[in-house]
Amino acid sequence: MKNLFADIIVANTNVDRPFTYLIPMNLRDKVTPGCPVLIEFGKLTKKGYIIDIKEESDVDISKLKYIKDIENGELSTDENLLRLAIWIKHRYGVTFDKAISTVMPVKSNVEEKTTNEIFLNQDIGEDILKELTKKRKVAWVRLLKELKKTESLPQSYVNKELKVNSATIKRMAEEGYITVGNKQRKSNPLLPILKSLGVEDFNEIQATNEYILNEEQKLAVDIFKKDFDSGNKNTYLLHGITGSGKTLVFINMIKYVISKGLQAIVLIPEISLTYQTVLRMAEHFKDRVAIINSKLSKNERFYQFDRIKNGDADVIIGPRSAIFAPVKRLGLIVIDEEHDSAYKNENVPTFNVRDVAGKLANIAGASLLLASATPTPETYNRAVTGEIKLLELKERARNTTLPKVSVVDMRDELKMGNRSIFSNKLKTLIEDRLRKHEQVMLFMNRRGYSSFVSCRSCGEAIKCKHCDVTMTLHNNNKLVCHYCGYSIDLPKVCPSCGSRYIANFGTGTQKLEAMTREVFPNAKVLRMDTDSVSKKNSANDMIRDFARGDADILIGTQMIVKGHDFDNVTLVGIMAADTSLYVSNYNSAQRTFELLTQAAGRAGRAKSGEAVIQTYKPENYAIVAAAAQDYKKYFENEIAYRKLGGYPPVCHMLTVMISSIREEELNKCATAIVNTLKSDNIFKKSVIIGPTDPSVVKVKDYYRKLVYIKNANYDILLDIQKKIEESLVSYRNVGAVYDFN
Ligand code: ADP
Ligand code: ZN
Ligand code: ZN
């Protein structure tokens, strides 16, 4: 018989290439690409992953070793995910090992083996029992016979009464006769999750009124169905204003996909903050839903993955990492609130799951739907250029109109002698709502808080001379530009108008809460932010309490703007709309527009509502467009800005964070790298900025420097990464991480 070879990536090594091994006869039918195996590597036994199986090899056979065994108790990565891992490796310039461990975050069910209920596996028939009897495996047969009567038995019973010891149990589990788990394992997997969402019993979730799709919704679903039937697997942007009923649209698309025997993955930004979406999905798909959630134990996670793999779940809901769920028959991926920053992986590889999902859809022949009221300019641009299909919902679903939004210029308030953080207009409106027993939400954007300096008289924030970005205040009272490194001492007067009233912003949500209680002493106030939400489910509790009407005013950060439907909220106040504008990042206007639109969109979901935006920069395009609830106007301005600055999506941008425990070596290395790149002819067409300081210069004793490289050609950025890696070899104490955009 001919030899069979396997290319294997060795886990937990720095050697970033596959090694060839021979596949022994007994494993031939068992191994597939993605399969975890044990191999001899050097003198050690190591774990590896098969990435390819082939009939020929250039390597001298006498030098090759055989695969020792299949790694037990571990799910093998399916082929689609393996192909995705290989793509991730190249796209984000990471090692094979890193790429593979990225797509298979759930590794083993070790934990499960320590628990105490024993289950019979399927397909243990009389013939198997006979064979075991022949081999004189008496204890095995005894246990299997008992299990056939009941399906599961407690381990203590098996040990004591059936006299089958733990070593035997372990062996039987390894060979696939039985499974050791706990009793709840077979109960409805949704229960613990629903419990954490405040639902005590699965039967408690009732099917919502089966809404009839309105015309716009129906059109969107019909377009999808038609494409699907004709075999066109597209990427769609479902752009619908807040409250337009996007969820119902994708639920119907999913139903269609399921009716064709396929499965769907639905990504949501964060389970605890989007529990209404999860509940709606559970209402529709009941126990055919699998939920991946960071709060699940390893055991629960493994079980969810097992259900998905076995096809016991049609819809997989979860955050970013759920994209790697082992779905066999993928038909549709939905990314809800596609603009959300939670979709960006902060660790290496720093992918945006949108891009990974696009590739996976492509590999698996599935469709991809991106849903948002405020899509990222990157995504909207793809719709404008016709690369992806645009589906639009322009009306609210429940017969209400978008809230009336007004902008208050806080500089005027100051001129009129109002130094309170409440403008007269907002104060009057809050009083009105309190009288009518309607609810109010006050939103304070804390991102970038107090790190920038602005003038309370003219509204200008202090900007870098060389770049169009706000400078950041560092602890040593210096203002630093994070794009070019230019730095000045904190000025005493405003460089634009000479006023002495320059200040760094310093009011957070706690102060806002105190002031709200002071100004509205009779109102019941609830505050929700990362500080007040520390307990496991306290975010849900607060949301539930507020929805029930336990408080009149809800104060909060970003947390309160995500996807909640509060019927009685008729006023939203946005306290300092411009704070996120001053974050020195090319997407600060995008974040501002997104937050303001989403926050304003919380008002008047059921009754008609109103929103007030308080700002020192009413003329900024993000604020103007958010007030007008005009996405297209925002987009035109945004894309013009990106073109001007050469930022994504007009250009690709590689951010390199170089770090070292030794400051001098870091500085030397960073400068040398930039000089090498600048002198290299191939890279000359790239814009290279830096080295410059990040906002936090030192983290855990590591000093850091940033280099930005812009080029319209992504591949050149990958070449640049390789070049940097080569340069780094001669600096022993310096490392780098790469973020491609
Ligand atoms: P979005 O996610 O677009 O902001 P949602 O999906 O949360 O909007 O829907 C907003 C509200 O409108 C929800 O309460 C939803 O139940 C309701 N809704 C959606 N579609 C319909 C419809 N066709 N008829 C009646 N109500 C609907
Ligand atoms: Zn000024
Ligand atoms: Zn600068």
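First listed ligand is number 1; within each ligand, the first listed atom is number 1. One is the number of the first residue; the rest follow in order along the sequence.
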A.B. asks: Going by the closest heavy atom to atom 12 (O) of ligand 1, which one wins out of Arg398, Glu215, Gln598, Gln217?
C.D. replies: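 Going through Arg398, Glu215, Gln598, Gln217 one by one, Arg398 has the nearest heavy atom to atom 12 (O) of ligand 1.
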A.B. asks: Within a reach of under 6.0 Å around NZ of Lys436, are more than 12 heavy atoms found that belong to other residues, nucleotides or ligands?
C.D. replies: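 For Lys436, atom NZ is crowded (more than 12 foreign heavy atoms under 6.0 Å).
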A.B. asks: Measuring from the heavy atoms of Ser244, does anything fall under 4.0 Å of ligand 1?
C.D. replies: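 It does, in that a heavy atom of Ser244 comes within the 4.0 Å cut-off of ligand 1.
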A.B. asks: Can you tell me if CD on Glu619 sees more than 12 non-hydrogen neighbours from other groups inside 6.0 Å?
C.D. replies: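 It does: Glu619 CD has more than 12 such atoms within range.
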A.B. asks: Looking only at distances, please establish whether an N/O atom of ligand 1 is found under 3.5 Å from an N/O atom of Gly243.
C.D. replies: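 For ligand 1, there is an N or O atom that lies under 3.5 Å from one belonging to Gly243.
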A.B. asks: For Leu248, counting its heavy atoms only, list the atoms of ligand 1 lying under 4.0 Å from any of them.
C.D. replies: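 By the 4.0 Å cutoff, the relevant atoms are 20 (N), 21 (C), 23 (N).
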A.B. asks: Kindly indicate whether a cation-pi arrangement holds for Lys344 with Phe351, taking the cut-offs as under 6.0 Å to the six-membered ring centre and within 45° of the axis.
C.D. replies: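 No cation-pi geometry.
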A.B. asks: Quick one: are the ring centres of Phe593 and Tyr621 less than 6.0 Å apart?
C.D. replies: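 Judged by ring-centre distance (under 6.0 Å), Phe593 and Tyr621 do not meet the cut-off.
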A.B. asks: Check whether any heavy atom of Arg280 sits under 4.0 Å from an atom of ligand 1.
C.D. replies: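 Heavy atoms of Arg280 do come under 4.0 Å of ligand 1.
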A.B. asks: Ligand 1 and Gly245, any nitrogen or oxygen pair closer than 3.5 angstrom?
C.D. replies: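 By distance alone, the answer is yes.
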A.B. asks: Between Thr376 and Glu338, is a side chain to side chain contact (heavy atoms under 4.5 Å, CB included) present by the stated rule, with each step listed?
C.D. replies: CA-CA 7 Å; Thr376 53; Glu338 75 92 31; 3.0 Å; yes
A.B. asks: Can you confirm, on distance only, whether ligand 1 has an N/O atom lying under 3.5 Å from any N/O atom belonging to Thr242?
C.D. replies: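 By distance alone, the answer is no.
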A.B. asks: Assess whether atom NZ of Lys233 is packed by more than 12 heavy atoms of other residues, nucleotides or ligands within 6.0 Å.
C.D. replies: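 Result for NZ/Lys233: enclosed.
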A.B. asks: Under 3.5 Å, is there a donor-acceptor pair linking the side chains of Glu438 and Thr570?
C.D. replies: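 Judged by distance alone, the side chains do pair up.
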A.B. asks: What I want to know is whether Ala397 and ligand 1 share at least one N or O pair that is separated by under 3.5 angstrom.
C.D. replies: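 There is no such contact.
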A.B. asks: Using a strict 4.0 Å cut-off to heavy atoms of Asn214, name the atoms of ligand 1 that fall inside it.
C.D. replies: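 Those of ligand 1 that fall under 4.0 Å from Asn214 are 23 (N).
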A.B. asks: Any idea which of Leu393, Ile212, Asp567 brings a heavy atom closest to atom 23 (N) of ligand 1?
C.D. replies: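 Minimum heavy-atom distance to atom 23 (N) of ligand 1 goes to Ile212.
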